[in-house]
J.: 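First the structure, which I've put down as structure tokens, then a few questions once you've had a look.
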Amino acid sequence: MKKIFNYTLAVMATMILFACQAVVFDEPVQNTQTKEVSFSMLAEHISPIGVTRVANGTPTSLMVLDYMGDKLIKVYTRNAGDAETDLAYTNLLEDITLNLTHGDHTLYFIASETKWESYDTTAGTISWNKAKQTWAVKKEVTVTASTATQEVSMPVRVAYVVFKMEDAIPPHAAKATLTLSKGSTVFNYKTMTGGAGTEVSSSASVASVVGQAGRGMSLYTFVPSDAAAVTVDGVSAFSAGEGILKVTDSSDKEISSRSKNNLGIKEGYETTVSGIFFQYTDQPFSLQLGDWTGNITYNQWD
């Protein structure tokens, strides 16, 4: 009887041991394999935008955000003249190599003419004091041991607005200010749109160009996420609200101003408003909404 009892205990102990081992064997093994993946980058339409552009729009700052599912793995940066840059800098658009864990990755590439002021990875936003030429794209990659070099083509993500004065700037003019009532200096990389619409503006001295005609004020803006759709001569665009150009003298007294309601803007497009500015006439301002090579015009001055 004692032998049978001992045998039964031995069998039970063996079953318990196997059961415990089975639990251990069933635990998932975390994939720690990595692969160095190279990315070849291109910023589209990098050439100057029209004859009114001064800067050539060369990107000097790059941010790459690596996500696996909803989890942010790492933020990489490359900035001209920044000692803390993560990625070696010779040319901003030179190839980069990232050491990525095997599996599915969502990568966001954002390049800009100027470095951002701040970013928030919880909200998925990047902010500038003033928007400049900016490119961005979302790239999904499944990383394995055989993943090859990835091509990354970043479209333009800003609109460009110019108010142009066709008549000569008077000698007592000191400053010009261009304002949009519904622009954005915030970019949401998860949705690839601008932030909520808010007032944006740009100012510059005109003292050095008095007496000259054909001068203008310009600014960049992201298309706000809440911008209303508009149509300009059959082209779908978005409203930047009211655009206002104001010129003042050295005491900040207004000399002249012109506005355009429901101003149409579009990513990668140049919107130009031009006409007689300082002399009141019945001649309407014209507005052009076009891409780098073409224009759509409607004559309407509000």
Side-chain angles (χ1 to χ4, degrees), residues 22-44 59-80 82-89 92-129 131-158 184-198 222-226 267:
V23 171
V24 173
F25 293 153
D26 287 342
E27 288 181 352
V29 178
Q30 185 176 2
N31 189 353
T32 57
Q33 290 180 287
T34 61
K35 164 72 174 177
E36 288 194 340
V37 181
S38 294
F39 295 85
S40 178
M41 296 179 296
L42 169 69
E44 298 177 6
T60 64
S61 291
L62 174 73
M63 181 182 293
V64 183
L65 301 102
D66 175 24
Y67 284 80
M68 295 190 76
D70 294 330
K71 182 181 179 182
L72 176 63
I73 305 301
K74 189 170 181 179
V75 179
Y76 302 88
T77 62
R78 172 186 276 172
N79 297 300
D82 190 339
E84 297 181 1
T85 188
D86 299 310
L87 304 167
Y89 188 106
L92 190 88
L93 297 176
E94 63 188 313
D95 291 1
I96 62 173
T97 300
L98 306 179
N99 192 30
L100 303 177
T101 304
H102 284 200
D104 295 331
H105 292 253
T106 300
L107 296 136
Y108 299 93
F109 293 78
I110 303 96
S112 180
E113 190 177 341
T114 56
K115 187 180 177 181
W116 53 86
E117 295 293 322
S118 63
Y119 62 92
D120 183 342
T121 57
T122 301
T125 56
I126 306 174
S127 302
W128 286 261
N129 182 35
K132 283 289 190 177
Q133 181 74 294
T134 304
W135 304 258
V137 74
K138 173 183 177 181
K139 178 81 172 177
E140 294 183 344
V141 181
T142 298
V143 178
T144 67
S146 59
T147 300
T149 297
Q150 302 292 304
E151 301 292 329
V152 178
S153 182
M154 295 178 284
V156 174
R157 294 297 182 182
V158 287
S184 178
T185 60
V186 176
F187 181 68
N188 187 315
Y189 58 83
K190 290 186 176 180
T191 61
M192 291 287 153
T193 63
T198 187
F222 297 103
V223 177
S225 58
D226 56 353
E267 280 187 353

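The residues of the chain are indexed from 1 along the displayed sequence. All values below come from the heavy atoms of this structure, side chains included, with hydrogens, waters and symmetry mates left out.
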J.: What heavy-atom pair brings P59 and L92 nearest, and what distance separates the two atoms?
T.: CB-CD2, 3.3 Å

J.: Distance from D120 atom CG to Y189 atom OH, nearest 0.5 Å?
T.: 7.5 Å

J.: Would you name the heavy atoms of V186 and F222 that are closest together and state the gap between them?
T.: O-CD1, 3.7 Å

J.: What residues form a salt bridge (Lys or Arg N to Asp or Glu O under 4.0 Å) with E36, not counting sequence neighbours?
T.: none

J.: Counting only N and O atoms by type, is there a donor-acceptor contact under 3.5 Å from the side chain of D66 to the main-chain atoms of K74?
T.: no

J.: For the pair V137 and M154, evaluate side-chain contact (heavy atoms from CB on, under 4.5 Å) and give the outcome as yes or no after the intermediate values.
T.: CA-CA 5 Å; V137 74; M154 295 178 284; 3.8 Å; yes

J.: When rounded to the nearest 0.5 angstrom, what is the spacing between CE in M63 and CG in N79?
T.: 8.0 Å

J.: Which heavy atom of A123 sits nearest a heavy atom of N188, and at what distance?
T.: O-ND2, 3.7 Å

J.: Any donor-acceptor pair under 3.5 Å linking the side chain of T185 with the backbone of S127?
T.: no

J.: Between S38 and D95, does any side-chain donor sit less than 3.5 Å from a side-chain acceptor?
T.: no

J.: Is there side-chain contact between T60 and K115, with at least one heavy-atom pair below 4.5 Å?
T.: no

J.: Would you mind reporting whether V37 and V143 have side-chain heavy atoms less than 4.5 Å apart?
T.: yes

J.: How close do W128 and I110 get, counting heavy atoms only, and between which atoms?
T.: CH2-CG2, 4.3 Å

J.: Hey, would you say the F109 and F39 ring centroids sit under 6.0 Å apart?
T.: yes

J.: Which atom pair, heavy atoms only, marks the closest approach of K139 to Q150?
T.: CE-OE1, 3.6 Å

J.: Counting only N and O atoms by type, is there a donor-acceptor contact under 3.5 Å from the side chain of R157 to the main-chain atoms of T134?
T.: no

J.: Any side-chain heavy atom of W116 sitting closer than 4.5 Å to one from T77?
T.: yes

J.: With a 4.5 Å heavy-atom cut-off, do W135 and M41 have their side chains touching?
T.: no

J.: Hey, are the side chains of K35 and L100 touching, using non-hydrogen atoms and a 4.5 Å cut-off?
T.: no

J.: Can a side-chain donor-acceptor contact be found between D104 and T142 if the only test is distance below 3.5 angstrom?
T.: yes

J.: Would you name the heavy atoms of Y108 and K138 that are closest together and state the gap between them?
T.: CE2-CG, 3.7 Å

J.: Contact between S153 and E44 at the side-chain level, heavy atoms closer than 4.5 Å - yes or no?
T.: yes

J.: Working note: T121 + L65, criterion side-chain contact (heavy atoms from CB on, under 4.5 Å); need CA distance, chi angles, decisive distance, verdict.
T.: CA-CA 9 Å; T121 57; L65 301 102; 3.9 Å; yes

J.: Begin with the C-alpha distance, continue with both residues' side-chain angles, and end with the deciding distance and a verdict on side-chain contact (heavy atoms from CB on, under 4.5 Å) for Y76 and L98.
T.: CA-CA 9 Å; Y76 302 88; L98 306 179; 3.8 Å; yes

J.: Can you list everything that forms a side chain to side chain donor-acceptor pair (under 3.5 Å) with D70? Sequence neighbours excluded, please.
T.: none

J.: Using only atom types and a distance under 3.5 Å, with no angle test, would you say the side chain of S184 pairs donor to acceptor with the backbone of G195?
T.: yes

J.: Determine, step by step, whether L93 and L62 satisfy the side-chain contact (heavy atoms from CB on, under 4.5 Å) criterion, reporting the C-alpha distance in whole Å, the side-chain angles of both residues, the deciding distance to 0.1 Å, and the verdict.
T.: CA-CA 9 Å; L93 297 176; L62 174 73; 5.9 Å; no

